[in-house]
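Excluded from the calculations below are hydrogen atoms, water molecules and symmetry mates; all remaining heavy atoms, backbone and side chain alike, are included.
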Amino acid sequence: MESLNIFIRSIFIDNMVFAYFFGMCSYIAVSKSVKTANGLGLAVIFVMAMTVPLNWLLNEYVLKAGALGWLSESFGSVDLSFLSFIIFIAVIASFVQLVEMVVEKFAPGLYNQLGIFLPLIAVNCAIMGASLFMQERAYPSLGQATAFGVGSGIGWWLAIVMMAAIRERLEYSAVPKPLRGPGIAFIITGLMGVAFMSFLGIQL
Amino acid sequence: MAAKSKNWQYFLGPLSKDNPVLVQILGICSALAVTAQLKPAFVMAASVMVVTAFANLIMSALRKGVPGRIRIIVQLVVIAFLVILVDQVLKAFVYDVSKQLSVYVGLIITNCILMGRVEAFALGHRPWPSFVDGLANGVGYGIILVVLGFVRELFGSGSLWGLRVIPEAWYVHSGGFYANNGLMMLPPMALILVGLIIWVHRGSNKDLIEK
C-alpha cells in the first residue's frame, strides 16, 4: 500500500519536471514532436526503473554508514557515502550505454531521431536526481524504491509527451517573436506546473 | 595582445550573447530549484563556476590522451571528482546552505553546462582558453541564478539574503497594506520568470530570435 502511495505521488504530486525541474534540458530540446518525445520518455522510464533499485541495493549494502557490516564485523564502522555520486553516475552511464545499443539494434529509426539525446540520458538530471532522492529519503524497502523509480519515470514521460503535444499545436499560433522557442516553452511548463499543483493534498 | 583579446571574447560571450541558461538552454534544473532565496542561489552559482572552470581545464589538458570512445566516462569521472570536493567543502564550511541545496549539489554532475562546455569547447581548445570559457559560463549561469534569487526572495518573502527588506509594519497582519506573493516561492513561478527573462533578453538581442 505504501508502495502504491509512493508510485502515485511520484507521478502527479512530486512530478520530476513540474516540482523539481529535473531533466529540463532534454525536456525543452526534445519536446518538438510527440513521436520523439514518446521514445525518449519510454527510454527514461526504462533507465529509471532499472537504476533506482540497483542504486538502492548499492546504497544499502555498500555505501551507507555501516552498510559493509555484512562482510565482516571490522567493516561495520566504514562510511562510504561520500562515494555515492560517482558510483550512482557510473551505474547510470553503463545502463544508458546498454539502452543505446538495444535501441540502435531494434529501432534504428528512433535511434536516428533521438540522435545526441540518447547518450545524454546519462546526464539527464532526472535520472541522477531520482537516485539521489531515493538516497536522501531513505526508502526502507526495495519495493518502495522501485515504485519510486518507475513512478518518477512515468511522471517525466507524461510531462514531456503533454508538452510535445502542446508545442505541435503551438506551431500554428502567433507567439510574440522574442518568446518563440524556449521562452514560450518555459511559460507553458510553468502553467502546467500550476495545474499539477492541484494534485497536492491527494492522500492515499 | 591578439591572444589576450580573444580570451576576453571567450569571457564576454557567455555573459549575455551566448548565455548558457538563456541561449544554450543548459543547466536549467538547478537554476530554477535553488533560487527561492538569494543565499543558496549564490552558493550554487559559485560552486558551479568552480566546477565548470576546472573541469574544462582538466579535460582540455587531457584531450590528446583520451580516446574518443571512452571520453564520456572520463568526463563523468573528472566532473564527479570535482563535485565531491565541492560537496565536502560546502558541508564543512556552510552546512546549513548545503542542507538547503540537498540533492542539487550532487546534480551539478549532471548539469548539462558541464558536459556541454567540455564537449563543445574544451576538447578543441588549449587549457587556458578552456579555463576562461568554463569560468565565463559559470559566471553567465550565476548571473541568472542571482537575478532569479533576488526577484523570488524579494517578492516571495520580502527579504534579501535572509535580511528583511520590506518593513514589518507594511504587512497586513500588522495593520499595513502589503502581502507576500506566495506564488513566487513555488516551482511554477520560477519557470515563468525564466520565460520572461528570455523574452526580455531576446527582445533586446534581435539576432537570437527564432525564425
Give, for atom CZ of B:Arg152 and atom CD of B:Gln37, the distance between the pair rounded to the nearest 0.5 Å. 9.5 Å
Sequence neighbours excluded - ring pair (Phe, Tyr, Trp, His ring centres under 6.0 Å) pairs with any residue from residues 173-198 of chain A: A:Phe18-A:Phe196, A:Phe196-A:Phe199
Euclidean distance, A:Phe12 CZ relative to A:Ser198 OG, rounded to 0.5 Å: 10.5 Å
Honestly, the part of A:Met197 sitting under 4.5 Å from a heavy atom of chain B is side chain
What do you reckon, are the aromatic ring centroids of B:Phe131 and B:Phe54 less than 6.0 Å apart? yes
Within residues 130-143 of chain A, which residues come under 4.5 Å of chain B, heavy atom to heavy atom? A:Leu132, A:Phe133, A:Glu136
Less than 4.5 Å to any heavy atom of chain B: does that hold for the side chain of A:Ile187, its backbone, both, or neither? both
Do the side chains of B:Thr52 and B:Leu135 get nearer than 4.5 Å, heavy atoms only? no
Where does B:Leu186 contact chain A at under 4.5 Å (heavy atoms): side chain, backbone, both or neither? side chain
With A:Trp157, which of A:Leu40, A:Val44, A:Asn38, A:Ile11 fulfils side chain to side chain contact (heavy atoms under 4.5 Å, CB included)? A:Asn38
Please assess A:Asn15 against A:Trp156 for the test side chain to side chain donor-acceptor pair (under 3.5 Å), listing each intermediate value before the final yes or no. CA-CA 7 Å; A:Asn15 186 291; A:Trp156 199 85; over 6 Å; no
